[in-house]
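Report on the following structure.
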2 protein chains.
Amino acid sequence: MTGPLNGWRTLAEQISEQISSGCLAPGQRLPSEEQLQQRTGLSRTTVRAAIAELRRLGQVETRHSAGTFVLGVGDMFGLRPGESVTASAALVVTGVDGTTRTLPAGTRIVVAPAEPPGS
Amino acid sequence: MTGPLNGWRTLAEQISEQISSGCLAPGQRLPSEEQLQQRTGLSRTTVRAAIAELRRLGQVETRHSAGTFVLGVGDMFGLRPGESVTASAALVVTGVDGTTRTLPAGTRIVVAPAEPPGS
DNA sequence: TTATATTTGTCCGTATGTATT
DNA sequence: AAATACATACGGACAAATATA
């Protein structure tokens, strides 16, 4: 098995891939929670956990009683040495392998110094 | 009544204030979910929702089977090539000369590519 | 080392409220 | 007014990882 994974992680990943591949375009509405329940056989709790994850990753936005919608890709900003970034909300760092890490609000993001080659 | 006990937002706010006021110091463990249940009379679902909110705000970090711990603030984070950062709130970039620039929420911060010397 | 208790993780079901369509 | 869809909240059960004895 590729990995049984949990319920909500698997579902979040599947939807995320549909977004990445363009099957779900920006502005488009995701299936309702009930529809996702029926299609996947998962409970509503699990479906909602998956959507919450997508929200955390900034891929979708949920509007009360209207649905969950795919967000467009945000702009990129290239941070240069000497510059720093902060925000009044938590910062989510996405690593090279796709894993994420949450930093407290107020953390200062700077460009890491280059590693010396002889490490 | 011991308190209003209305919902996960209230609980999250209460704990958040304890963190802001220093009653809960960085590194300190929050009461367990069961303890919070008993103290507040809320269900575990609601208690967990409150903690999830604190996590979303970057105020705490939860370690499996160990507990939820208060995070320190004002730390630095060195961003490395390949990593990216976003936040659900506006991002403020501070330049080398001290000037600031505000970027919309969702903007992806990446390490700017090194400029070739002959530019 | 083994065993036990604690604590969080995941998952399910149900009910009701609220906002949108 | 009615149907749809998300928000909140309760309850229970078992798994998994950690800490402790």
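Predicted model only: the values in this text are computed from it and were never measured. Here is how names work: the chains are called A, B, and so on, in the same order as the sequence lines, proteins then strands, and each is numbered from 1.
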>> Heavy atoms within less than 4.0 Å of DNA chain D: which residues of residues 32-52 of chain A have one? Give them sorted by number.
In response: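 Heavy-atom cutoff 4.0 Å gives S32(A), E33(A), R44(A), R48(A).
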> Salt-bridged, R9(B) to E53(B), with N to O below 4.0 Å?
Replying inline: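 Answer for the salt bridge query: no.
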>> Closer than 4.0 angstrom, basic N to acidic O: yes or no for E61(A) and R63(A)?
In response: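 Here E61(A) pairs with R63(A) in a salt bridge, since their nearest N and O are under 4.0 Å apart.
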> Hey, mind stepping through T94(B) and R108(A) against side chain to side chain donor-acceptor pair (under 3.5 Å) and telling me if it holds?
Replying inline: CA-CA 10 Å; T94(B) 304; R108(A) 286 211 91 78; 3.0 Å; yes
Nearest-Å distance for atom pair [atom1]/[atom2], residues [X] and [N]:
X	N	atom1	atom2	answer
E61(A)	dA7(D)	CD	P	11 Å
R29(A)	dT20(C)	CZ	P	15 Å
W8(A)	dT8(C)	CH2	C1'	13 Å
R63(A)	dT21(C)	CZ	P	8 Å
F69(B)	dA17(D)	CZ	C1'	13 Å

>> Restricting to side chain to side chain donor-acceptor pair (under 3.5 Å), what partner residues turn up for T86(A), sequence neighbours left out?
In response: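 Listed in chain order: nothing, the list is empty.
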> What pairs with Q59(A) under side chain to side chain donor-acceptor pair (under 3.5 Å), at least two apart in sequence or on another chain?
Replying inline: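 Q59(A): side chain to side chain donor-acceptor pair (under 3.5 Å) contacts with S16(A).
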> Nearest to the side chain of S65(A) - dT10(C), dA19(C), dT18(D)?
Replying inline: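 Minimum distance to the S65(A) side chain belongs to dA19(C).
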> Between dT20(C), dT8(D), dA16(D), which nucleotide has the shortest distance from any of its atoms to the side chain of H64(B)?
Replying inline: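 Side chain of H64(B) sits closest to dA16(D).
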>> Taking 4.0 Å as the cut-off, does a side-chain nitrogen or oxygen of R9(B) come that near to OP1 or OP2 on dA7(D)?
In response: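 Indeed not, no polar side-chain atom of R9(B) lies that close.
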> Is there a Watson-Crick or G-U wobble partner for dA1(D) with both distances under 3.5 Å, and which nucleotide is it?
Replying inline: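 The base-pairing partner of dA1(D), which may sit in any strand shown, does not exist here.
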> Just checking, any donor-acceptor pair under 3.5 angstrom between side chains of T102(A) and R56(B)?
Replying inline: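 R56(B) and T102(A) do not have a side-chain donor-acceptor pair below 3.5 Å.
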